[in-house]
Visitor: 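The structure is given below, and queries will be raised subsequently.
Quick note on labels: first sequence line is chain A, next is B, and so on, each numbered from 1.
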2 protein chains.
Amino acid sequence: MVQKDKNEFPRERILDEAELLFARKGYHAVTVREITTRAGCNLAAVNYHFGNKENLYLEVFKTRWFPRARRIMNAVDKALESRERISISAVIHAVASAFLEGPLTERERELHFQLMVRELAQPTEAFEIVAGQIMQPFFQKLGAIISPFLPGKMDEEQLMLSMFSVFSMILHLNFARVAVTRLTGREYDAAFRARLVGHIVEFSLNGLGGIYREESE
Amino acid sequence: MVQKDKNEFPRERILDEAELLFARKGYHAVTVREITTRAGCNLAAVNYHFGNKENLYLEVFKTRWFPRARRIMNAVDKALESRERISISAVIHAVASAFLEGPLTERERELHFQLMVRELAQPTEAFEIVAGQIMQPFFQKLGAIISPFLPGKMDEEQLMLSMFSVFSMILHLNFARVAVTRLTGREYDAAFRARLVGHIVEFSLNGLGGIYREESE
DNA sequence: GTCTATAGCAGGATAGAC
DNA sequence: GTCTATCCTGCTATAGAC
């Protein structure tokens, strides 16, 4: 049996380590030496495979972050497809659950949101992928699904702000764990994540206009 | 007339420039050379006044970030004192407005939240100030004010999560401006900020349990 | 494709004159 | 307190052997 624990391709190992380190410490705090050492290959490998450090960072988004974002979006789709009737409640639950409990492992989730927050706070070239290819289509699609259920008076901007609100909770509860743990005294285990999903759904459902609560299920 | 445009004390000028740069680019992306050059003083000044770069970063939180956080908290207090009867609506409005329109200038607000998000995403020693001296007392105080208005069934953890929800919106709408601007197409002028405050109040009020909406005013 | 070796430079920090 | 000059570490990137 050949060792399969670590990827056999140095290029892939570099991408894995780079993502981990960029997420945890930020672009400038990470050195190419650190990445290549942890990836078990030579310093020059980064330049050979990616040209330079900046390009490696971009490649992390293209080959790691982006596919994972797609996995989350697919999880939302799948959760909604399996239902006959769609309700706002179901949509919010599907979204919150996909992000907080969904297809990613805990480790992946942490990486994913850390990278995302870094780009939101201080956009680089990678922001184009995050915003243009993921966020915009995602919000657009979600808006189209839930707008028929909402009061006619809710205009497009209001809908967008509401989706931001929901998304901000999801984001916050994922990336500000240190604060959440400190102030609630709870660890991020499965039970707590389920609790968070429940809270987000309830809070958002009311926030979107409590009247629509009992529409289905 | 003596020139008062720039602070006469190099120590203060260093703190000002350091804050601006740390907020915009992050600790590791900023060099001591850049700070001292922009502060119009010598490279050695940072080591003389603060010992080293890390200590300067900490001092930025102690002498700049912390007082500003207090100004926001005072603004909340003041807004609530001026009312005879306190309602949940009034509390949420006071908080949202203090953070989004309050005593800070636009420039200060941007710095403030960028620094805060950096610490939330990746805590350093400064997190002790942010969490221990500001967030914890703030949430505790707010909780004490609004809990009497809430349904008895809402336990302490639920209350904490609700406050997180409100806070996450405020935080998100302040730090993820690039995304908000991109997806709504609106600039952060006074009108839009007022709109955001209105949205947060409405969304949160419902989120906390729509029934309590008309309690006062 | 992967390595060693090293160029070339920018970073934080300090010593010591003024 | 503020400056100049400098040390030295650690960085990215490349050249060239294998």
Visitor: Please report the distance, rounded to the nearest Å, between OH in B:Tyr48 and C1' in C:dA15.
Guide: 15 Å
Visitor: Over how many whole Å does the gap from A:Lys53 atom NZ to C:dA10 atom P extend?
Guide: 15 Å
Visitor: According to ring-ring contact (aromatic ring centres under 6.0 Å, His included), who are the partners of B:Phe167, at least two apart in sequence or on a separate chain?
Guide: B:Phe99, B:Phe139
Visitor: Would A:Glu101 and A:Ser97 count as having a side-chain donor-acceptor pair, cut-off 3.5 Å?
Guide: yes
Visitor: Given the side-chain rings of B:Phe22 and B:Tyr57, with only the six-membered ring counted for Trp, is the space between their centroids under 6.0 Å?
Guide: yes
Visitor: Reading DNA chain D from 5' to 3', where do the contacts with chain B start and stop? Cut-off is 4.0 Å to heavy atoms.
Guide: D:dG1 to D:dT4
Visitor: Quickly work out the A:Leu43 CG to C:dA5 P distance and round it to whole Å.
Guide: 13 Å
Visitor: Report the distance from atom NE2 of B:His28 to atom P of C:dG12, rounded to the nearest whole Å.
Guide: 11 Å
Visitor: So what stems show up for DNA chain D if we need 3 or more Watson-Crick or G-U pairs in a row, all under 3.5 Å?
Guide: C:1-18 with D:1-18
Visitor: Could you check whether A:Glu12 pairs with A:Arg64 (Lys NZ or Arg NE/NH1/NH2 to Asp/Glu carboxylate O, under 4.0 Å)?
Guide: yes
Visitor: State, without any angle test, whether A:Glu119 and A:Thr124 hold a side-chain donor-acceptor pair at a distance under 3.5 Å.
Guide: yes
Visitor: Which sits closer to the 5' end of DNA chain D, A:Gly51 or A:Arg33, going by the nucleotide each is nearest to?
Guide: A:Arg33
Visitor: With the side chain counted from C-beta on, respond yes when B:Lys141 and B:Asp77 share a heavy-atom pair under 4.5 Å apart, and no when they do not.
Guide: yes
Visitor: For the pair made of CG in B:Asn47 and C1' in C:dA13, what is the distance, rounded to whole Å?
Guide: 5 Å
Visitor: Please classify the nucleic acid contact of B:Ala45 as base, sugar-phosphate, or nothing, using heavy-atom distances under 4.0 Å.
Guide: nothing
Visitor: Inspect the contact between A:Arg186 and B:Glu157 and indicate whether a charged nitrogen and a carboxylate oxygen are less than 4.0 angstrom apart.
Guide: yes
Visitor: Scan side-chain atoms only and decide if A:Arg118 and B:Gln122 contain a donor-acceptor pair under the 3.5 Å cut-off.
Guide: yes
